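Input: a single structure, listed below in structure tokens.
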Amino acid sequence: MKKSVLVLAILFSIFSNANVRMPLLFSDGMVLQRNKPIPVWGWADANEKVEVRFNKQIKTITADQNGKWMLNLDSEKAGGPFELTISGKNKMVIKDVLVGEVWICSGQSNMEFQMSKTMNAKAEIEDSNYPMIRHFGVAQDLSGTPKEDLKAGKWTVCNKENLPDFTAVGFFFAKKIYAELKIPIGIINTSWGGTCVETWTSRKAFEKSPEFRDRIAAIPAVDMEAIFETYKKSVLDNLKRVQGFDVTMTNENQFKEPNFDDKNWPEIKVPSLWENQQIGNIDGIVWIRKTIILTEEQAQKEAVLHLSKVDDEDETYVNGVKIGTNNLWDATRIYKIPAGVLKEGKNVIAVRISDYTGGGGIYGDAADLKIDFKDSNIPLEGLWKFNVVKVKIEISPNSYPSLLFNAMVNPLIAYAFQGVLWYQGEANVSRAKQYKIAFPLMINDWRTQWKQGDFPFYFVQLSTFDEYGGNSEKGSRWAELREAQTETLKLPNTGMAVTTDIGNAKDIHPTNKQDVGKRLAAIALNNVYGKKMVYSGPIFKSQEVKGNLIVLSFDNIGSGLLTTGSNGILKGFEIAGADKIFYPAKAIIKDNKVIVSCDKIQNPVAVHYGWADDDTEINLFNKENFPASPFRTDDWEMITANEKYKVSK
């Protein structure tokens, strides 16, 4: 009996003492930042002595009363692999540790965008033998309060097996930097699709901001259960308001039938992702229906249904007959309609769409949405009836401020790194003017939190995307967001990669991430690594009105301005008088300035360049082949001027 009690006492003593524990960032295959003090931290028993060994360094520290400890190793030159040993009452050995350059990659879906989805993905993955490039994928997580460690995540070596899951922008950046420096490169990918900038910003930053503090002050610290219930009610209430009826799967088997009465269903634009329309950024199941009228001759012909692309899965019916299904989100849907299915008069196309994550719905080129009769076709672009029958209720990162900062950024703070790469903004286009405050606020917040000075912060300007056909006449939220990004360059040690020429007006996720990564790398190579080179395109500087002309001057002209295209004609310039009505303008390059005019405007006041959702055609570059950023020379009120950030209640 006494022996049993003694054994239990010993076991209790062993398990009641916490082992030395490290953050998930400190694990096999990690990359440490060179030429800077290296913070190392973790947890142990209160007042426990901890020893850290790395390369030829040995340092010790005593954990505080809460068991936390942190020390700084001296800076190291690039090299490795090494072992990092942490000893207390137990011993941890972290193997295959490299020292080199570390960059944090963050933002929404275009930063999250994986290598497996990029242009020429197969060939890129074949060229994957870069063991000195390492990737740490931060697991997606939410928290109402700042967390000390990540939910999950691990370092992986660049090879054929691991590369498909890397952030594509981050990898192409790392590949270029490695090619120039030939030292280890680590990229820490903390990103989440569809997220606004406010969820990546700390509550402390909001509380100090005149723009946001009153909105944030009324929001108590929230637990995730409370957030979930609030979010669930918000989503379902919004969908009921949009549809006019509850979300339910009751009687959904009738929705494929041609005689089902859908007159009370609301309408949605097709092709276009739900997140850009009234349905919003939901995951779930939505039925959509389109009624068309056919002649007797058309009904008797062979026909093929083209549905462009469906994100993620579709079950497609014509007059109640299932003609096809596919679960590949980026695959073009082409379904043969069997003979006898089409009828003279009314015909109904019904599609049951299941969206599992990210954007949802039919998207892509409107020209790929049609019924094809070989010698003719019927376009299906336009308004379709819809009914949301199921929603996957998960808390949105955008439900409250700081949810992603708390869970996916705060645990990284203190880790030594060189700089940040950022690709985000799509989720903020509706509040583009406020982004001029919100985006710099987040950058300054991260710099304050890390206490590593004004570290490099390089971001990607939004590419072209034809959301609603926005332009100078209607106003363009996308153009206004690009302007907000350009103005953020006023912050020290920032840089912007312009991507107007490598986007896809019909796809919010352009697959050319190679050039995005290379352009970010060019900024870093010039600003950080001493490779003196032109690293960006022309940025509007000033205008001078000379009679019926406006002369535009630019910074970053490199070796000089030029235009692309066989005719050498500048595209995308517009000019307006005091009436604020813009007309297409003639623009020429002279003495590295652009001279703009229009016969309809005798007393010009302002110029727009690329002021549209879809700015694919604009073609002002410098001779180093970097595109000019879109701009306007006026300060007239924007269409997003009164749109403000709102917090769920």
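Since the model is a prediction, treat every value here as computed from it, not as a measurement.
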Below 4.5 Å, heavy atoms only, C-beta onward: do [X] and [Y] meet side chain to side chain?
X	Y	answer
V429	L462	yes
N110	K513	yes
T195	L404	yes
P630	T500	yes
W422	W200	yes
F631	I539	no
L620	I589	yes

Say you draw a straight line from [atom1] of [X] to [atom2] of [Y]; how long is it, rounded to the nearest 0.5 Å?
X	Y	atom1	atom2	value
T488	M442	OG1	CE	9.5 Å
I523	K518	CD1	NZ	15.0 Å
E467	S430	CD	OG	8.5 Å

So, D311 side chain and L273 main chain: donor-acceptor pair closer than 3.5 Å or not? no

Return yes if some donor-acceptor pair links the side-chain N/O of S542 with the main-chain N/O of S553 below 3.5 Å, else return no. no

Checking F457 against N493 for the side chain to side chain contact (heavy atoms under 4.5 Å, CB included) test, could you report, in this order, the C-alpha distance in whole Å, the side-chain angles of both residues, the deciding distance, and whether it holds? CA-CA 7 Å; F457 196 105; N493 212 5; over 6 Å; no

With distance as the sole criterion, is a donor-acceptor pair present between the side chains of [X] and [Y] under 3.5 Å?
X	Y	value
K433	N642	no
Q434	T640	no
R447	N444	no
S202	D445	yes
N471	S476	no

Mutual orientation of the aromatic rings belonging to [X] and [Y] [parallel < 30°, tilted 30-60°, perpendicular > 60°]:
X	Y	result
F439	F459	perpendicular
F166	F171	perpendicular
Y363	W329	parallel
F173	W103	perpendicular
F465	W478	tilted

Report the C-alpha separation of E483 and M638 in whole Å, then their side-chain angles, then the decisive distance to 0.1 Å, and conclude whether the side chain to side chain contact (heavy atoms under 4.5 Å, CB included) test is met. CA-CA 11 Å; E483 178 181 76; M638 301 191 294; 3.4 Å; yes

I'd like to check the side chain to side chain contact (heavy atoms under 4.5 Å, CB included) partners of [X]; sequence neighbours left out, ordered by chain and number.
X	answer
S396	Y231, N398, S399
K586	I588, S597
L25	F136, W155, I188, L412, Y415

Do NZ/NE/NH1/NH2 and the carboxylate oxygens of [X] and [Y] come within less than 4.0 Å?
X	Y	answer
K309	D507	no
E198	R215	no
D501	R519	yes

Of the non-hydrogen atoms in G577 and V605, which two are nearest, and what is the gap between them? C-CG2, 3.7 Å

Nearest heavy-atom pair of F626 and S536: which atoms, and what distance? CB-C, 3.4 Å

Could you work out, with salt bridge (charged side-chain N to carboxylate O under 4.0 Å, His left out) as the rule, every residue matching K233, not counting sequence neighbours? D237

Salt bridge (charged side-chain N to carboxylate O under 4.0 Å, His left out) filter on D634, not counting sequence neighbours, yields R632

Should Q461 and T486 be marked as a side chain to side chain donor-acceptor pair (under 3.5 Å) after you check the CA-CA gap, both sets of side-chain angles, and the distance that decides it? CA-CA 8 Å; Q461 188 181 55; T486 303; 3.1 Å; yes

Mind jotting down which residue pairs meet the ring-ring contact (aromatic ring centres under 6.0 Å, His included) criterion with at least one end in residues 481-532? Sequence neighbours excluded, please. none

F417-W450 aromatic ring centre distance below 6.0 Å: yes

For side chain to side chain contact (heavy atoms under 4.5 Å, CB included), just list the numbers for Q418 and K36, CA-CA rounded to whole Å, side-chain angles, deciding distance to a tenth of an Å, and then say yes or no. CA-CA 9 Å; Q418 184 61 257; K36 291 184 179 182; 4.1 Å; yes

Which one of F573, F540, F582 satisfies the ring pair (Phe, Tyr, Trp, His ring centres under 6.0 Å) criterion with H608? F582

Which of these passes side-chain contact (heavy atoms from CB on, under 4.5 Å) with L570: I618, T563, V596? T563

